[in-house]
Amino acid sequence: MAPSSLVFLSFMLCSGLLSEARGLPISSLVTKELFDGIFIHKDDNACPAKDFYTYDSFIQATRCFPTFGNTGGLATRKREIAAFLAQISHETTGGWATAPDGPYAWGLCFKEEVSPQSDYCDSTNTEWPCYPGKSYKGRGPIQLSWNYNYGPAGKALGFDGLRNPEIVSNNSMTAFRTALWFWMTEQKPKPSCHNVMVGRYVPTAEDVAANRTAGFGLTTNIINGGLECGIPNDGRVNDRIGYFQRYGALFKVGTGPNLDCAYQKSF
């Protein structure tokens, strides 16, 4: 498919023209009042992403993914949204232990990685080759990283992720869309975070042997298991859980079991 066709398809998906495939809109579960109550400090002067992550951009981005927050019963829908918002909050947190309103009130504070240790180019990946001079550092709500993520995300969403990775931190809706793309997309042997949170995860024999049980902890394993899982009482994992517990309370939904990945092997 030509790039122009990808852009057009992306526009159609995100413009609401396919809304007939959806049930209740996300905005019925995440009102602007709730969104602002979740992200109390995202537009503070202390946050480098001030005024970048807007409610309207989030709602518009969800229209690209009709099953996000729209699968299963009401509790399942709320729990998935809370889990997604918790994970992107940790990835972009500006909180600290004694922060005003607590450490879990500072999600969406950053839109790109600070002081990256490399350009995140996997030169061995020939399917998604790096473009000279480009950095594939963490950007957006999920901190999309590496050429092998920017390339397919761009292809799916209608932008050139390899030649123009900067768009993820320059365009609010694109930023949210990349986060949702990562959440919704299965990348074998990893399941999608979406399938885990809506009860559609079917563990393989390898998953069972690795103790990769369904729950919020498995989404952490999918996102950053190589660095954070298999470590009891890891501070990064605990931060993710803290966000999820706060958001679960705001959504008035239980978090479910298996919140951490302390005894899971990474993928």
Side-chain angles (χ1 to χ4, degrees), residues 21 23 26 29 62 64-91 122 125 127-128 138 141-146 148-149 151-153 155-156 177-249 251 253-267:
I26 292 293
L29 296 181
T62 64
C64 299
F65 303 92
T67 58
F68 171 73
N70 201 25
T71 302
L74 183 60
T76 299
R77 295 180 62 201
K78 288 183 174 182
R79 189 176 299 112
E80 182 191 7
I81 298 169
F84 171 77
L85 295 179
Q87 291 290 12
I88 67 173
S89 292
H90 168 80
E91 293 293 333
D122 179 0
N125 190 298
E127 183 178 4
W128 305 106
I142 205 73
Q143 290 291 281
L144 191 74
S145 304
W146 296 99
Y148 51 74
N149 281 318
K155 181 178 180 181
R177 287 164 63 206
T178 60
L180 286 161
W181 169 84
F182 187 92
W183 184 266
M184 300 296 296
T185 303
E186 178 185 57
Q187 299 186 60
K188 293 183 177 180
K190 299 179 180 182
S192 69
C193 295
H194 168 72
N195 280 347
V196 169
M197 291 308 301
V198 303
R200 292 182 175 174
Y201 164 61
V202 179
T204 65
E206 290 79 9
D207 291 327
V208 173
N211 196 37
R212 291 193 285 258
T213 51
F216 182 74
L218 187 54
T219 68
T220 298
N221 199 336
I222 293 166
I223 293 168
N224 205 27
L227 295 177
E228 299 181 22
C229 294
I231 308 170
N233 201 34
D234 184 82
R236 297 161 296 185
V237 174
N238 290 341
D239 189 69
R240 296 176 190 272
I241 293 170
Y243 271 112
F244 186 37
Q245 290 173 329
R246 176 174 178 256
Y247 296 173
F251 276 95
V253 68
T255 57
N258 305 319
L259 297 184
D260 66 47
C261 56
Y263 301 101
Q264 295 182 20
K265 290 182 181 179
S266 61
F267 288 92

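One-based numbering along the sequence shown.
Rounded to the nearest 0.5 angstrom, T185 OG1 and Q187 CD are separated by 6.5 Å. Atom CG in D260 sits 8.5 Å away from atom OG1 in T220 (nearest 0.5 Å). Interatomic distance, R77 CZ to T67 OG1, rounded to the nearest 0.5 Å: 11.0 Å. The distance from the CG atom of N211 to the OG1 atom of T213 is 5.0 Å, given to the nearest 0.5 Å.
Listed for the K190 side chain is a donor-acceptor partner under 3.5 Å among the backbone atoms of I222. Although no hydrogens or angles enter the test, the distance criterion places no donor-acceptor pair under 3.5 Å between the side chain of N195 and the main chain of Y201. Here the side chain of E80 pairs a donor or acceptor atom with the backbone of G69 at under 3.5 angstrom. Distance alone, capped at 3.5 Å, is enough to place a donor-acceptor pair between the D207 side chain and the T204 backbone. Side-chain atoms of D234 come within 3.5 Å of backbone atoms of V237 as a donor-acceptor pair (strictly under, hydrogens ignored). Put simply, the side chain of R79 gets close to the backbone of G254: a donor and an acceptor are under 3.5 Å apart.
Within the 4.5 Å cutoff, no side-chain heavy atoms of Y247 are placed close to those of T255. Contact of the C193 side chain with the F84 side chain is not registered, since no non-hydrogen atoms from C-beta on lie closer than 4.5 Å. The shortest side-chain heavy-atom distance between S266 and N221 falls under the 4.5 Å cut-off. You'll find the side chain of Y243 stays beyond 4.5 Å of the side chain of Q87, heavy atoms only. R236 is listed as a side-chain neighbour of L227, based on a closest heavy-atom distance under 4.5 Å. Under the 4.5 Å side-chain criterion, counting only non-hydrogen atoms from C-beta, N258 is not in contact with L218. Using a 4.5 Å heavy-atom cutoff, the side chains of F65 and H194 are not in contact. For the pair F182 and S145, the minimum side-chain heavy-atom distance is 4.5 Å or more.
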Test log, rule side chain to side chain contact (heavy atoms under 4.5 Å, CB included), inputs R177 and C64: CA-CA 7 Å; R177 287 164 63 206; C64 299; 3.6 Å; yes
Determine whether V253 and T76 satisfy the following criterion, side chain to side chain contact (heavy atoms under 4.5 Å, CB included), listing intermediate values before the conclusion. CA-CA 9 Å; V253 68; T76 299; over 6 Å; no
If you apply the rule side chain to side chain contact (heavy atoms under 4.5 Å, CB included), what do you find for E228 with D239, and how did you get there? CA-CA 11 Å; E228 299 181 22; D239 189 69; over 6 Å; no
Just do the side chain to side chain contact (heavy atoms under 4.5 Å, CB included) check on N149 and W128 with the steps written out, would you? CA-CA 8 Å; N149 281 318; W128 305 106; over 6 Å; no
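At most 12 heavy atoms of other shown residues, nucleotides or ligands fall within 6.0 angstrom of atom NZ in K265. The neighbour count for Y263 OH, taken as heavy atoms of other residues, nucleotides or ligands under 6.0 Å away, does not exceed 12.
Residues L29 and F251 share a closest heavy-atom pair of O-CE2, 3.6 Å. Counting all heavy atoms, side chain and backbone alike, L144 lies closest to A153 at CD2-CB, 4.1 Å. The minimum heavy-atom distance between A86 and R240, with the atom names listed, is CB-O, 4.2 Å. Considering every non-hydrogen atom in both M184 and S192, the closest pair reads O-CB, 3.4 Å. The two residues A262 and P232 have their closest heavy-atom pair at CB-CA, 3.7 Å. Among all heavy-atom pairs drawn from P191 and V196, the shortest one is CG-CG2, 3.9 Å.
Shown here are the ring pair (Phe, Tyr, Trp, His ring centres under 6.0 Å) partners of F216, two or more places apart in sequence or in another chain: F244. For Y148, the ring pair (Phe, Tyr, Trp, His ring centres under 6.0 Å) partners are W146, not counting sequence neighbours.
Using a 4.0 Å cut-off between a side-chain N of Lys or Arg and a carboxylate O of Asp or Glu, E206 and R212 do not qualify as a salt bridge.
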